[in-house]
There are 2 protein chains.
Amino acid sequence: MSKVTINVVAKHAGVSKKTVSRVLNDEPNVSAATKEKVKAVFKELGYRPSPVARGLATNRSFLIGLVYDNPNKAYVSDIQNGALSVCNDKGYHLLINPIDHESDDLLLSIEKLWTESRLDGLVLTPPFSDMQPLIAMLDQLNADYVRVGATLFGEDIHAKIDEEPVRASHLSPCVISNDEQAAFEMTRYLISLGHDKIGFVKGHPDHPVTEQRYEGYLKALRAAGLIENPDYIVQGMFDFRSGEDCGRQLLSLDDRPTAIFASNDYMAAGILKVASQKGIAVPHELAVTGFDNAPIARHLWPSLTTVKQPIEEMAAAAIEQLLARSSDRLQMDSVLVVRESTAPFQSAS
Amino acid sequence: MSKVTINVVAKHAGVSKKTVSRVLNDEPNVSAATKEKVKAVFKELGYRPSPVARGLATNRSFLIGLVYDNPNKAYVSDIQNGALSVCNDKGYHLLINPIDHESDDLLLSIEKLWTESRLDGLVLTPPFSDMQPLIAMLDQLNADYVRVGATLFGEDIHAKIDEEPVRASHLSPCVISNDEQAAFEMTRYLISLGHDKIGFVKGHPDHPVTEQRYEGYLKALRAAGLIENPDYIVQGMFDFRSGEDCGRQLLSLDDRPTAIFASNDYMAAGILKVASQKGIAVPHELAVTGFDNAPIARHLWPSLTTVKQPIEEMAAAAIEQLLARSSDRLQMDSVLVVRESTAPFQSAS
DNA sequence: GATACTGTTGACACCGGTGTCAAGTTGACG
DNA sequence: CGTCAACTTGACACCGGTGTCAACAGTATC
């Protein structure tokens with residue numbers, strides 16, 4: 001019942017604790033015989049090394065912080081699960097840190113998190129990945145961090161601190177998706193269905209992905225030889241209500257679009273609601289698509305064609321980058337999820 | 001730039017490290033003068049005690065594990081946030097552990113979690129709160145844990161181990177809500193709107209809350225002098241699709257109910273879909289209510305009247321119980337959230 | 001056979017705190 | 001003024017691991 005420490009194991013195996021430590025860490029220069037002997041004692045006594053003691057000795061905490069925006073977005077569980085899977089594999093623990101991205105003492109609380117908890121690494125998710133002051137602070141703290149879904153890189157984001165310029169070795173890794181490409185493909189898909197009057201609902205103007213998704217839409221139109229119609233491009237805010245507003249606006253046009261591409265699923269849901277109120281049949285009179293593959297996309301009626309980003313994989317890759325102390329920029333691909341809300345264009349009866 | 005440890009502080013303040021430690025922990029028997037002096041040095045050097053070192057010395061990890069079911073249920077973020085708020089206050093960290101409740105090596109992985117990570121406490125959420133073998137294992141490991149939303153107590157859940165009976169001091173605390181009461185009130189609310197043909201969609205038969213919610217429904221009917229109609233009581237599985245099935249079943253009845261109370265919001269969403277397909281207007285021809293106040297409830301159209309449990313508060317209370325080493329059973333109240341999916345009964349035109 | 005080199009092992013200090021205990025200081029009381 | 005108790009403080013061991021370095025093989029080189 002008493003605790004099994006390295007000392008107990010050492011005594012039991014008739015070797016020094018240092019040798020036990022060597023076996024623990026798979027260090028070279030241990031004879032096969034002693035290694036076997038010690039390993040046998042591990043099993044016999046059910047020995048578990050103490051992460052706390054190891055942490056003290058090596059100045060590590062085996063803790064990784066995950067920072068994400070507070071609102072209960074559904075994708076946070078994907079991020080968490082992706083990050084967790086790698087953490088568990090490598091003996092690290094994940095500390096989740098929902099923070100309001102508009103909070104005044106955001107910098108302070110993240111600094112406190114870093115210094116107080118002695119984290120071994122920090123994962124930033126949008127919109128934190130692109131906060132210049134935050135990055136500058138982390139660089140100055142000499143923190144190890146990885147940015148997920150970032151849109152700014154290089155000198156645009158890494159502060160140049162006059163006294164002590166950021167060293168090259170200090171560049172943080174990134175794991176990103178390609179929203180522009182995904183939006184391009186979604187738009188191309190709508191065009192391939194025969195639509196040429198495609199409305200677009202932009203996202204919140206402060207959010208960096210907004211511009212990327214919009215760009216993808218525009219490029220696809222142009223690539224198909226279509227000309228964008230300003231009436232068809234409206235400004236949303238990423239929430240359900242703004243989706244309704246934009247839907248009303250687009251669907252009240254005399255020459256209304258036959259397809260609407262909303263920059264996220266919540267806004268697409270708002271459009272579906274307006275369409276239903278107006279008696280416009282989706283998908284046959286109107287195709288609607290979203291972005292993000294939020295849980296709601298499956299439950300809507302009709303279920304929503306959307307873009308699924310590899311969130312879980314991205315989070316997992318982020319942790320791997322972090323632990324490998326890499327400084328690469330990794331890009332991962334999104335996929336189209338085609339459901340019931342899109343159909344070939346049918347000319348009005 | 002070099003690390004500020006307790007030794008540095010001690011030297012700087014001209015006292016022993018033990019005295020610094022005393023100030024850190026607000027121990028008595030330190031003169032006001034030295035206490036002030038040391039605290040001044042804390043500020044001057046920006047000293048932060050190392051949780052790792054403290055943990056090694058006191059045999060604590062300052063880690064608390066949170067176990068919940070893997071599926072991306074929306075309420076997990078409420079649980080997480082509630083638990084986090086208290087953890088942060090008290091200097092603990094929260095380790096999240098999504099586990100599939102049907103997993104074969106569930107016991108093994110939780111045992112591993114407990115022993116490997118040297119947790120200071122464990123929070124069990126449904127359905128883990130009521131797993132007898134799990135509780136038995138934790139009792140045997142002498143683990144500190146708290147059960148959230150449990151339905152079984154006392155000898156029904158605490159295993160009686162022959163060799164070494166569970167000591168009274170070892171009873172785990174619980175934090176629970178009152179689903180039966182909430183279901184009672186929701187049903188009473190529907191009755192108060194004039195409905196007397198109220199359908200009920202039961203939840204997954206394995207889930208303990210299923211019975212509680214059903215009981216509340218029945219008791220409210222009886223309290224109002226109504227007689228339950230077996231045709232109006234159907235078996236769901238807590239998911240969207242089963243909601244559709246149950247909705248079709250109930251709404252195909254010759255004498256169909258004028259209100260349907262689904263045991264959760266996803267099933268209620270399925271019913272809304274079927275009602276929409278059948279051209280039955282909600283809320284005027286049919287009132288629909290759910291349970292749980294899932295995010296979807298706000299986004300549905302019409303938005304859903306439902307029951308909101310104080311999830312966040314329960315999780316916070318759970319951590320507090322755990323850290324206080326209490327063994328109380330705390331019950332917290334749910335509230336009705338009335339939205340657009342319910343309206344007074346209108347006799348058919 | 002002496003020398004150098006590689007591989008194996010353990011003694012010991014150290015990480016940054018806390019617990020124990022004894023020594024020094026102070027003040028109350030007889 | 002001496003005695004004793006209460007308060008204040010520090011020396012030192014300890015928590016359970018890792019890093020450094022030296023001692024001691026055993027083997028290759030000349």
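Side-chain atoms are counted along with the backbone in the values below, which use heavy atoms only and exclude waters and symmetry mates. Reminder, nothing fancy here: chain letters follow the sequence lines and each chain counts from 1. It should be emphasised that the depicted structure is a prediction, and the values quoted were computed from it without experimental measurement.
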Under the side chain to side chain contact (heavy atoms under 4.5 Å, CB included) test, which residues partner [X], sequence neighbours left out?
X: Asp105(B); result: Ser103(B), Leu108(B)
X: Glu116(B); result: Arg48(A), Lys112(B)
X: Pro98(B); result: Asn81(A), Leu84(A), Tyr68(B), Asn70(B)
X: Thr19(B); result: Val15(B), Ser16(B), Arg22(B)

So salt bridge (Lys or Arg N to Asp or Glu O under 4.0 Å) across residues 122-134 of chain B, not counting sequence neighbours, yields Asp130(B)-Arg147(B)

Residues 85-99 of chain A vs salt bridge (Lys or Arg N to Asp or Glu O under 4.0 Å), sequence neighbours excluded, gives none

Any idea which of [options] is nearest the [X] side chain?
X: Leu24(A); options: dG16(D), dT18(D), dT9(D); value: dT18(D)
X: Ser16(B); options: dT8(C), dT18(D), dG10(D); value: dG10(D)
X: Arg54(A); options: dG16(D), dT18(D), dG16(C); value: dT18(D)

How long is the line joining [atom1] of [X] and [atom2] of [N], in whole Å?
X: Arg48(B); N: dG17(C); atom1: CZ; atom2: C1'; result: 17 Å
X: Lys11(A); N: dG10(C); atom1: NZ; atom2: P; result: 14 Å
X: Asn29(B); N: dT9(D); atom1: CG; atom2: P; result: 9 Å
X: Phe62(A); N: dG17(D); atom1: CZ; atom2: P; result: 12 Å
X: Ile6(B); N: dG10(D); atom1: CD1; atom2: P; result: 12 Å

(Q) With a 3.5 Å cut-off and heavy atoms only, can you find an N or O donor on one side and an acceptor on the other between the side chain of Lys17(A) and the base of dG17(D)? (A)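 Under the 3.5 Å cut-off, the side chain and the base do form a donor-acceptor pair.
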
Reckon [X] touches a base, only the sugar-phosphate, or nothing at all at heavy-atom distances under 4.0 Å?
X: Val15(B); value: sugar-phosphate
X: Pro49(B); value: sugar-phosphate
X: Val30(B); value: sugar-phosphate

Under 4.0 angstrom between [X] side-chain N/O and [N] OP1 or OP2:
X: Asn59(A); N: dC15(C); answer: no
X: Thr19(B); N: dT9(D); answer: no
X: Ser50(A); N: dG17(D); answer: no

Option from Ile110(A), Val146(A), Asp144(A), Ile64(A) for which side-chain contact (heavy atoms from CB on, under 4.5 Å) with Leu122(A) holds:
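The single option meeting the side-chain contact (heavy atoms from CB on, under 4.5 Å) with Leu122(A) is Ile110(A).
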
- Is it true that a side-chain atom of Ser327(A) and a backbone atom of Pro173(A) form a donor plus acceptor pair closer than 3.5 Å? no

**Request:** State whether the side chain of Glu312(B) and the backbone N or O of Asp78(B) hold a donor-acceptor pair below 3.5 Å, judged by distance alone.
**Result:** no

Per the end-axis method with five pairs at each terminus, what is the bend angle of the helix from dG1(C)-dC30(D) to dG30(C)-dC1(D), to 10°?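 Terminal axis comparison yields 50°.
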
Next on the checklist: Under the ring pair (Phe, Tyr, Trp, His ring centres under 6.0 Å) definition, can you give me all pairs with a residue in residues 6-48 of chain A, not counting sequence neighbours?
Outcome noted: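 Sorted pair list: Phe42(A)-Tyr47(A).
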
**Inter- and intrachain pairs under ring pair (Phe, Tyr, Trp, His ring centres under 6.0 Å), touching residues 90-112 of chain B, at least two apart** =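 As it turns out, the ring pair (Phe, Tyr, Trp, His ring centres under 6.0 Å) pairs with a partner in residues 90-112 of chain B, which skip direct neighbours, are Phe62(B)-Tyr92(B).
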
Note: for Gly14(B) and Leu56(B) on DNA chain D, the residue whose nearest nucleotide lies more 5' is Gly14(B)

Can you name the salt bridge (Lys or Arg N to Asp or Glu O under 4.0 Å) partners of Asp120(B), sequence neighbours left out?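 Not a single residue meets the salt bridge (Lys or Arg N to Asp or Glu O under 4.0 Å) criterion with Asp120(B).
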
Shorter than 3.5 Å, N or O on both sides, protein versus nucleotides 19-26 of chain C: list them out with atom names.
{"residue": "dG19(C)", "atom": "N7", "partner": "Lys18(B)", "partner atom": "NZ", "Å": "2.8"}

> For DNA chain C, what residues of residues 33-47 of chain B have any heavy atom nearer than 4.0 Å?
Replying inline: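 Residues of residues 33-47 of chain B that come under 4.0 Å of DNA chain C are, in numerical order, Tyr47(B).
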
